[in-house]
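Everything numeric in this text was worked out from a predicted model, so none of it was measured. In what follows, chains are A, B, ... by sequence order, proteins preceding strands, each numbered from 1.
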Protein chains: 2
Amino acid sequence: MGQGVPAGGRIVRPNPIADDGSDQKFCSTCAFGAACVGNGVDKIRLSELHCLVEHVGPYRPGQSIVRTGDRFGAIFAVRSGTVKTRLVDLEGRELVLGFHLPGELIGLNAIHAETYPCDAVALDTVEVCRFSFPALATLATRIPQVQQELFRRLSKDLGEANLRKQEATADERLAAFVLNLSARYEARGFPADSLHLAMSRSDIANYLGLAAETVSRVLRRFQDTGLLKVDGRDVKLCEVAALRDVAKNLLHR
Amino acid sequence: MGQGVPAGGRIVRPNPIADDGSDQKFCSTCAFGAACVGNGVDKIRLSELHCLVEHVGPYRPGQSIVRTGDRFGAIFAVRSGTVKTRLVDLEGRELVLGFHLPGELIGLNAIHAETYPCDAVALDTVEVCRFSFPALATLATRIPQVQQELFRRLSKDLGEANLRKQEATADERLAAFVLNLSARYEARGFPADSLHLAMSRSDIANYLGLAAETVSRVLRRFQDTGLLKVDGRDVKLCEVAALRDVAKNLLHR
DNA sequence: ATCCGGCCATGACGTACGTCAAGCGGTTCC
DNA sequence: GGAACCGCTTGACGTACGTCATGGCCGGAT
């Protein structure tokens with residue numbers, strides 16, 4: 001019935017999930033914890049940050065965490081599961097903007113407009129931490145490290161968004177995509193060579209600017225040439241070096 | 001000899017340029033002035049912001065304002081002229097990330113890495129205002145409106161960068177491109193229907209993910225169908241409504 | 001004057017990837 | 001049980017746009 005419960009004999013692997021944290025400790029994948037600790041923020045001030053966090057969820061697949069046009073009041077850090085951000089145009093066509101894994105932030109692109117400019121939709125069972133933005137901004141004026149961390153996050157996302165517009169073949173895009181996911185999982189302590197795609201082929205295609213059929217075909221070819229092993233949404237990276245070589249034009253420099 | 005001086009009988013139009021500002025007043029196109037005035041920032045605090053501005057330039061066409069890898073220490077606001085940001089990969093291929101008009105900021109994508117991730121190159125005669133980032137960040141902790149304005153700018157750029165990855169035909173891209181330039185000039189008080197392209201066809205093509213030949217062909221067709229008038233790098237928008245219609249899928253929603 | 005190098009335009013041709021169509025396994029709902 | 005649906009795959013075919021090649025124009029250097 002529910003998510004994450006074995007059904008029909010098929011093994012459903014647990015979501016990557018952050019532990020809960022406590023009053024004295026952030027979730028292990030917390031968006032701010034790691035950045036602030038060991039960065040001159042003492043425990044007392046850290047607990048101030050902790051106070052304004054609110055755990056929200058779980059959301060079921062397909063449920064919206066925020067919707068386009070909702071009044072902006074908070075940013076969210078993914079605690080567990082995968083979130084897709086997307087636009088839907090007047091004719092109902094979808095444009096997938098990105099996927100957000102545990103530890104990553106949602107809503108930074110909403111600050112200036114004061115409404116969320118896109119939907120954030122759970123792809124599987126999702127839990128998030130909610131940071132009231134006015135409270136966070138106020139705290140940022142008192143704790144420079146928090147301000148700095150916000151600037152850094154925004155700046156990083158901006159830089160990455162800028163790079164994503166490169167011309168590239170379907171092979172390059174897909175190789176870069178799986179390597180990128182792999183690296184992001186690894187950075188949060190999950191295995192790097194074996195990953196589960198929470199999103200459909202057509203979401204991947206849409207995100208990469210390809211057709212879903214092309215995604216299928218390229219993944220198949222990657223498997224035929226031994227680069228990786230595909231089983232439905234489970235992907236095993238076999239030849240990371242070769243994948244990097246395929247994607248090298250996108251891993252820039 | 002210099003830029004902006006009539007040469008060979010050809011009229012060189014002056015750059016769009018912001019006036020100089022004074023101790024009590026920002027440049028008219030200032031990146032912060034308009035945002036802060038009338039936003040609860042009193043004159044005294046505004047002058048604090050003003051103190052950390054440093055006018056730099058002029059730069060000649062082709063000169064770098066910052067280079068990839070330079071230590072990050074400041075963000076820049078364009079005062080006059082047009083700046084191109086770009087990456088150059090190992091094989092010498094260029095990737096144009098964006099064009100920056102008077103009043104727009106450069107360097108926001110450098111905060112997190114502590115080095116600039118791309119080159120910023122003058123396309124014509126360029127003057128900029130330099131804001132030391134450590135000083136600006138410190139000021140931001142004392143003046144919430146400054147902090148807020150920085151968050152807003154970062155957030156806005158992020159949102160726009162996210163949208164730029166849409167699949168689109170060459171026609172859609174070019175129509176959206178000229179309309180976008182036009183709107184940005186208009187926002188700074190320059191005429192909206194008549195614009196001068198500071199960048200070459202191949203820069204435009206690179207930025208839009210097209211071939212330079214395609215840019216030539218599409219502009220020609222736009223002219224043949226009366227949408228606009230092209231004379232070298234001068235473009236006159238004739239049928240704005242029709243252009244919007246061509247670009248409608250990219251002006252999203 | 002002459003040469004050269006950018007920049008721009010235009011034509012001929014090839015191809016990577018989109019579109020269309022068909023089929024298949026799994027899940028849900030009657 | 002079967003029908004309907006969805007996600008995924010695979011094949012056949014068309015096309016938008018890239019690549020290559022040519023030529024014209026302009027400005028700068030010799």
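The one candidate from B/Lys84, B/Arg67, B/Arg86 that meets the salt bridge (charged side-chain N to carboxylate O under 4.0 Å, His left out) condition with B/Asp119 is B/Arg86. Checked options B/Thr85, B/Ile106, B/Asp70; the residue passing with B/Tyr116 is B/Asp70 (criterion: side-chain contact (heavy atoms from CB on, under 4.5 Å)). None of A/Arg79, A/Glu127, A/Arg130 except one satisfies the side-chain contact (heavy atoms from CB on, under 4.5 Å) rule with A/Val56; the exception is A/Arg130.
Between B/Glu167 atom CD and D/dT15 atom P the separation is 18 Å, expressed in whole Å. In this structure, B/Asp234 places its CG atom 12 Å from P of C/dC8, rounding to the nearest Å. The nearest whole Å value for the distance from the CE atom in B/Met199 to the P atom in C/dC8 is 11 Å. Nucleotide D/dA16 holds its P atom 12 Å from the CD atom of B/Glu172, rounded to whole Å. Residue B/Glu94 contributes atom CD, which lies 14 Å from atom C1' of C/dG6 at whole-angstrom precision. Between the CD atom of A/Gln223 and the P atom of D/dT10 there is a distance of 9 Å, rounded to whole Å. Rounded to whole Å, atom C1' of D/dG7 lies 14 Å from atom CG of A/Asp231. Nucleotide D/dG11 holds its P atom 13 Å from the CZ atom of A/Arg221, rounded to whole Å.
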N/O-N/O pairs, protein side and nucleotides 10-14 of chain C side, under 3.5 Å:
unit_1: C/dT10; atom_1: OP1; unit_2: B/Arg220; atom_2: NE; d: 3.2
unit_1: C/dT10; atom_1: OP2; unit_2: B/Arg220; atom_2: NE; d: 3.1
unit_1: C/dG11; atom_1: N7; unit_2: B/Arg217; atom_2: NH1; d: 3.0

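Across the interface with DNA chain C, nearest-nucleotide mapping of B/Val215 and A/Ala168 shows B/Val215 to be the residue nearer the 5′ end.
Side-chain contact check for B/Leu87 versus A/Leu163: some heavy-atom pair is nearer than 4.5 Å. Residues A/Phe222 and A/Leu243 meet the side-chain proximity criterion, which asks for heavy atoms closer than 4.5 Å. With a 4.5 Å cut-off on side-chain heavy atoms, A/Glu94 and A/Asp89 do not count as touching. Looking at heavy atoms from C-beta onward, B/Leu181 lies in side-chain contact with B/Leu197 at the 4.5 angstrom threshold. Looking at B/Ile65 and B/Val83, their side chains come closer than 4.5 Å, going by heavy atoms from C-beta outward. Taking the side chain as every heavy atom from C-beta outward, A/Val128 and A/Tyr59 approach each other to under 4.5 Å.
In this structure, the separation between CG on B/Leu154 and OG on A/Ser155 is 6.5 Å, given to the nearest 0.5 Å.
Near DNA chain C, meaning a heavy atom under 4.0 Å from it, residues 201-210 of chain A has A/Gly209, A/Leu210 in order of number.
For the helix from C/dA1-D/dT30 to C/dC30-D/dG1, the end axes, each set by the C1' atoms of five terminal pairs, are bent relative to each other by 30° (nearest 10°).
Remark: side-chain polar atoms of A/Asp193 are not paired, donor with acceptor, to backbone N or O of A/Lys236 under 3.5 angstrom.
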